Amino acid sequence: MTDRLIPVIAIDGPSASGKGTVAQSVAEKLGYHYLDSGALYRLLALAASRRGVVLDDEAGLAALAAGLDIRFEGGDAWLGGERVGDAIRTEACGNGASKIAAYPAVRAALLDLQRAFRTVPGLVADGRDMGSVVFPDAALKLFLTASAEVRADRRVKQLIEKGMDANIQQILHDIRQRDERDSARSVAPLQKCADAGLLDTSAMTIAEAVGEVLERFKQARVQ
Ligand code: DC
């Protein structure tokens with residue numbers, strides 16, 4: 001089957017908007033594959049720190065991205081032979097990912113890797129540029145967001161659940177800074193593309209958001 005016939009649901013939005021949890025659950029319900037594209041940028045940031053590639057070495061980072069040995073399995077991420085699911089979720093790794101994601105050469109180097117996730121019966125992909133750049137022909141494009149305060153609160157709960165330290169003020173500050181950097185960069189900035197639907201989950205439960213995405217997908221498919 002050619003790629004164009006394999007349906008993609010592209011869910012973009014800011015950090016900690018809940019898009020990952022929602023996208024994963026939608027993928028499970030549809031029996032589709034799931035791509036957490038942010039995890040690729042996080043894995044690259046981690047690989048760079050392990051290999052001593054500094055975060056302002058665009059060419060070095062792009063070369064590292066081109067040969068990235070990664071794998072996702074059972075909700076966990078692997079870098080080479082090492083399980084790094086928790087290591088890539090730290091705030092430091094998220095900030096590093098946001099910095100390197102601003103480099104055009106890095107984004108280009110990760111493009112084929114992301115598109116390779118589009119396999120039958122379908123894919124739910126979440127990130128910042130899934131609908132605008134990586135899968136412009138997605139069957140459904142959504143921009144999923146929530147207020148910065150709600151997102152900071154959700155991130156704190158996530159970190160506490162994982163037994164990690166969490167300071168709400170620091171996290172709110174980091175979220176605002178990351179939003180600004182992700183929105184202001186010149187390549188693939190974080191923004192709702194014209195053909196994406198808006199879904200604000202500030203006052204929604206995860207189950208409600210998942211139900212809404214499934215409903216919009218159903219409607220998109222009958223059109
Ligand atoms: O979704 P996340 O917080 O795990 O993503 C980490 C960083 O990676 C985020 O600050 C911006 C970047 N990113 C991106 O630029 N494009 C994507 N498709 C996904 C993530």
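When a ligand or atom number is given, it counts from 1 through the structure's own listing order. Here the structure is a predicted model, which is why all the values come from computation and not from measurement.
The only member of D182, D179, D36 that meets salt bridge (charged side-chain N to carboxylate O under 4.0 Å, His left out) when paired with R128 is D182. Here the options are R176, R154, R155, the test is salt bridge (charged side-chain N to carboxylate O under 4.0 Å, His left out), and the partner is E149; only R176 passes.
Nearest heavy atom pair, residue A146 against residue D200, reads CA-OD1, 3.8 Å.
The CG atom of D126 lies 12.0 Å from the CD1 atom of I9; values are rounded to the nearest 0.5 Å.
The side chain to side chain donor-acceptor pair (under 3.5 Å) test applied to E73 returns R71, not counting sequence neighbours.
Salt-bridge check for R216 with E212: passed, with a basic side-chain N closer than 4.0 Å to an acidic carboxylate O.
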Write out each pair where an N or O from ligand 1 and one from the protein are under 3.5 Å apart, with the distance.
{"residue": "ligand 1", "atom": "1 (O)", "partner": "K19", "partner atom": "NZ", "Å": "3.4"}
{"residue": "ligand 1", "atom": "1 (O)", "partner": "R128", "partner atom": "NH1", "Å": "2.9"}
{"residue": "ligand 1", "atom": "1 (O)", "partner": "R128", "partner atom": "NH2", "Å": "3.4"}
{"residue": "ligand 1", "atom": "3 (O)", "partner": "S15", "partner atom": "OG", "Å": "3.3"}
{"residue": "ligand 1", "atom": "3 (O)", "partner": "R42", "partner atom": "NH2", "Å": "3.1"}
{"residue": "ligand 1", "atom": "3 (O)", "partner": "R128", "partner atom": "NH2", "Å": "3.3"}
{"residue": "ligand 1", "atom": "4 (O)", "partner": "R42", "partner atom": "NE", "Å": "2.6"}
{"residue": "ligand 1", "atom": "4 (O)", "partner": "R42", "partner atom": "NH2", "Å": "3.3"}
{"residue": "ligand 1", "atom": "10 (O)", "partner": "D182", "partner atom": "OD2", "Å": "3.0"}
{"residue": "ligand 1", "atom": "15 (O)", "partner": "R107", "partner atom": "NH1", "Å": "2.8"}
{"residue": "ligand 1", "atom": "15 (O)", "partner": "R107", "partner atom": "NH2", "Å": "3.4"}
{"residue": "ligand 1", "atom": "15 (O)", "partner": "R185", "partner atom": "NH1", "Å": "2.9"}
{"residue": "ligand 1", "atom": "15 (O)", "partner": "R185", "partner atom": "NH2", "Å": "3.0"}
{"residue": "ligand 1", "atom": "16 (N)", "partner": "R107", "partner atom": "NH2", "Å": "3.0"}
{"residue": "ligand 1", "atom": "18 (N)", "partner": "S37", "partner atom": "OG", "Å": "2.9"}
{"residue": "ligand 1", "atom": "18 (N)", "partner": "R128", "partner atom": "N", "Å": "3.1"}
{"residue": "ligand 1", "atom": "18 (N)", "partner": "D129", "partner atom": "OD1", "Å": "2.9"}

